[in-house]
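Data first, discussion second: the structure below is written as C-alpha cells.
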Amino acid sequence: MIVIRDLFKSFGSQPVLSGVSLTIPSGQTIAIVGPSGTGKSVLLKILTGLIEADAGEVLIDGQSMTEAKNGQMRRQICSQMGMLFQGAALLDSLTVYENVAFPLLQRRELSAAQVREQSLRRLNDVGLKGSEGAMPGEISIGMRKRVGLARALVTNPSVMLFDEPNTGLDPKTGQEIYELIKATQKASGITAIVVSHEIPEVFQVCDRVAMLYKGVVQEEGPVESFLASVNPVVRQFIDGRTTGPIQMV
C-alpha cells in the first residue's frame with residue numbers, strides 16, 4: 001500500500017504540491033492525471049526519494065520515505081520499487097540485455113546464471129525474446145520502452161511507477177504499451193501509479209483516478225465516478241476545453 005499524507009513541495013516561491021493526500025491499496029493501479037506542470041512528476045520524484053518534500057509523509061508498504069535519514073535507507077525502500085521513465089532512460093553504451101541485468105548486477109545478490117535467467121525471462125515477458133544483443137540506438141522507441149519495463153520488473157518489485165509511459169509513441173505503439181502495463185499488473189499483482197496527461201486512454205489500465213491541479217488533488221475515485229464528475233476543473237480537463245477554471249499556459 002502507498003500512503004501519501006498532506007504533502008507539500010515548493011521551489012523557491014513557487015508552490016508545486018500544497019497538501020496532497022492519496023491512498024493506493026495494495027494490488028491496485030491509480031492514474032494521476034492533470035495538465036502539464038501541475039506536479040505529477042515531482043510527486044513521483046518524492047515517492048522515489050529523488051527529491052525531499054517540504055512537509056508531509058510518504059509510506060511505501062509501511063516504510064516512510066520522507067523520514068528516511070540517509071541514502072542507504074532510501075535505497076532500501078526503493079528496492080521494493082520499479083520505475084518506467086518517460087524516455088525509458090536506457091544506457092546507450094550497454095546492450096538490451098545489459099540494461100535489463102544492470103539492477104541485478106548492482107545488488108550482487110544472484111549468481112551470473114541467475115541474473116541471466118531472470119533478465120532473459122523479463123525480456124521474454126515484454127515480447128523482446130531474441131533482442132538481447134541489440135543496442136538501444138538500434139531499436140524503436142516502443143522497443144526501448146519495453147526494455148525499460150523489463151529492467152523495472154527484473155527485481156520483482158511490489159510497487160511500480162510509470163511516468164508518462166506513452167510519451168513519444170504513435171497511437172498503435174502507445175496502446176501496446178498500455179496493454180503490456182495492464183497485463184503486467186494482472187500477472188504480478190503489483191501496486192502501481194501511472195502518471196499521464198493522456199485521457200481517456202490511460203483509464204483502461206487503472207482502478208482509480210486522481211487529478212492534480214493547483215497543487216492539490218481536485219478529485220479522486222473510481223474511473224466511472226471520475227468520468228461522471230461535475231467538478232468544473234475535472235470537466236474542463238476531461239472535455240479538453242480551453243475555457244474554464246484551468247488556466248492555460
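These figures come from a predicted structure and were not determined experimentally. Residue numbers start at 1 and run along the sequence shown.
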Taken in chain and number order and not counting sequence neighbours, the residues that satisfy salt bridge (charged side-chain N to carboxylate O under 4.0 Å, His left out) with Arg235 are Asp239
Contacts of Phe226 meeting ring-ring contact (aromatic ring centres under 6.0 Å, His included) (sequence neighbours excluded), chain-then-number -> Phe203
For Arg107, the salt bridge (charged side-chain N to carboxylate O under 4.0 Å, His left out) test, sequence neighbours excluded, returns none
Any side-chain heavy atom of Val159 sitting closer than 4.5 Å to one from Ile190? no
Exercise for review: Would you check, one step at a time, whether the test side-chain contact (heavy atoms from CB on, under 4.5 Å) holds for Ile139 with Val96?
Suggested key: CA-CA 9 Å; Ile139 59 179; Val96 163; 4.0 Å; yes
Of Asp54, Ile4, Ile46, the one forming a side chain to side chain contact (heavy atoms under 4.5 Å, CB included) with Leu17 is Ile46
NZ of Lys40 to CG of Leu44, rounded to nearest 0.5 Å, is 10.0 Å
Open item on the list: Test side-chain contact (heavy atoms from CB on, under 4.5 Å) on Ile2 and Leu22; report intermediate values, then the result.
Closed with: CA-CA 8 Å; Ile2 301 172; Leu22 283 171; over 6 Å; no
Trace of the side-chain contact (heavy atoms from CB on, under 4.5 Å) decision for Ser119 with Leu104: CA-CA 9 Å; Ser119 300; Leu104 295 178; 3.9 Å; yes
Checklist entry - Side chains of Ser196 and Asn166: do they bring a donor and an acceptor to under 3.5 Å? => result no
The complete set of ring-ring contact (aromatic ring centres under 6.0 Å, His included) pairs with one or both residues in residues 147-173, sequence neighbours excluded, reads none
Here the pair of heavy atoms bringing Thr243 nearest to Gln236 is O-CD, 3.4 Å
### Message
Just so I know, are the side chains of Cys78 and Met65 near enough to count as touching, which here means a heavy-atom distance under 4.5 Å?
### Response
yes
Note: Ile24 and Ala192 closest approach over all heavy atoms is CG2-O, 4.3 Å
What one should report as the nearest heavy-atom pair of Pro165 and Tyr178 is CG-CE2, 4.1 Å
When rounded to the nearest 0.5 Å, the distance separating OG of Ser140 from CE of Met143 is 5.5 Å
Cluster question for you: counting only ILVMFWY and a side-chain heavy-atom cut-off of under 4.5 Å, with indirect links fine, are Leu153 and Met81 together?
no
Are any of the side-chain heavy atoms of Arg75 and Gln72 separated by less than 4.5 Å? yes
- Determine, using the 4.5 Å side-chain heavy-atom cutoff (strictly less than), whether Leu120 and Val147 are members of one ILVMFWY cluster. yes
Joining Ile, Leu, Val, Met, Phe, Trp and Tyr whenever any side-chain heavy atoms lie under 4.5 Å apart, the cluster holding Leu59 also takes in Met1, Val3
(message) Hydrophobic cluster membership, with links at side-chain heavy-atom distances under 4.5 Å among I/L/V/M/F/W/Y: are Met73 and Ile51 in one?
(response) no
Closest non-hydrogen contact found for Gly215 with Val20 is O-CG2, 3.4 Å
The side chain to side chain donor-acceptor pair (under 3.5 Å) partners of Gln118 (sequence neighbours excluded) come to none
query: Got a donor-acceptor contact below 3.5 angstrom from the Thr191 side chain to the Gly27 backbone?
result: yes
Taking the side chain as every heavy atom from C-beta outward, state whether Ile246 and Val233 have any pair of such atoms under 4.5 Å apart. yes
Value for CE (Met211) from CD (Gln218), rounded to nearest 0.5 Å, stands at 6.5 Å
Residues pairing under salt bridge (Lys or Arg N to Asp or Glu O under 4.0 Å) where one sits in residues 116-132, two or more places apart or in two chains, turn out to be Glu117-Arg121, Arg122-Asp125
- Query: Do Phe11 and Val42 have side chains that get closer than 4.5 Å, going by heavy atoms?
  - Reply: yes
The side chain to side chain contact (heavy atoms under 4.5 Å, CB included) partner of Glu220 among Thr23, Ile30, Val209 is Ile30
Quiz prompt | Side chain to side chain, Lys214 and Gln247, heavy atoms closer than 4.5 Å | solution = yes
Quick check on the hydrophobic clustering: are Leu227 and Val234 connected, directly or via other members, by side-chain heavy-atom contacts under 4.5 Å? yes
The reported gap from NZ in Lys182 to CD1 in Ile177 (rounded to nearest 0.5 angstrom) is 13.5 Å
Applied to residues 3-16, the side-chain hydrogen bond (donor to acceptor under 3.5 Å, both in side chains) test, sequence neighbours excluded, yields Arg5-Glu57
- Message: Run the side-chain contact (heavy atoms from CB on, under 4.5 Å) test on Val194 and Cys206 for me, step by step, so that the C-alpha distance in whole Å, both residues' side-chain angles and the decisive distance to 0.1 Å come before the verdict.
- Response: CA-CA 8 Å; Val194 183; Cys206 59; 5.9 Å; no
Residues pairing under side-chain hydrogen bond (donor to acceptor under 3.5 Å, both in side chains) where one sits in residues 41-50, two or more places apart or in two chains, turn out to be Ser41-Asp163
Residues 138-150 vs salt bridge (Lys or Arg N to Asp or Glu O under 4.0 Å), sequence neighbours excluded, gives Arg146-Glu176
Rounded to the nearest 0.5 angstrom, the CG-OG1 distance for Asp207 and Thr29 is 5.5 Å
Gln175 meets the side chain to side chain donor-acceptor pair (under 3.5 Å) criterion, sequence neighbours left out, with Glu179, Gln204
- [ ] May I ask whether Met83 and Ile181 are part of the same hydrophobic cluster, defined by side-chain heavy atoms of I, L, V, M, F, W, Y residues being less than 4.5 angstrom apart, directly or through others?
- [x] no
Note: Ala152 and Pro157 closest approach over all heavy atoms is O-CG, 3.5 Å
- Query: Does the Thr173 side chain pair with the main chain of Leu169, one donor and one acceptor, at a distance under 3.5 Å?
  - Reply: no
ask   = Under 3.5 Å, side chain of Ser225 to main-chain N/O of Gly221, donor-acceptor pair present?
value = no
With a 4.5 Å limit on heavy-atom distance, are the side chains of Asp61 and Ser158 in contact? yes
A side-chain contact here means heavy atoms from C-beta on lying under 4.5 Å apart; do Gln28 and Arg208 qualify?
yes
To the nearest 0.5 Å, atom OG1 of Thr66 lies from atom CG of Leu7 at 7.5 Å
side-chain hydrogen bond (donor to acceptor under 3.5 Å, both in side chains) pairs touching residues 80-99, sequence neighbours excluded, are Gln63-Gln80, Thr95-Glu98
Of all heavy-atom pairs linking Leu84 and Leu149, the shortest is CD1-N, 3.6 Å
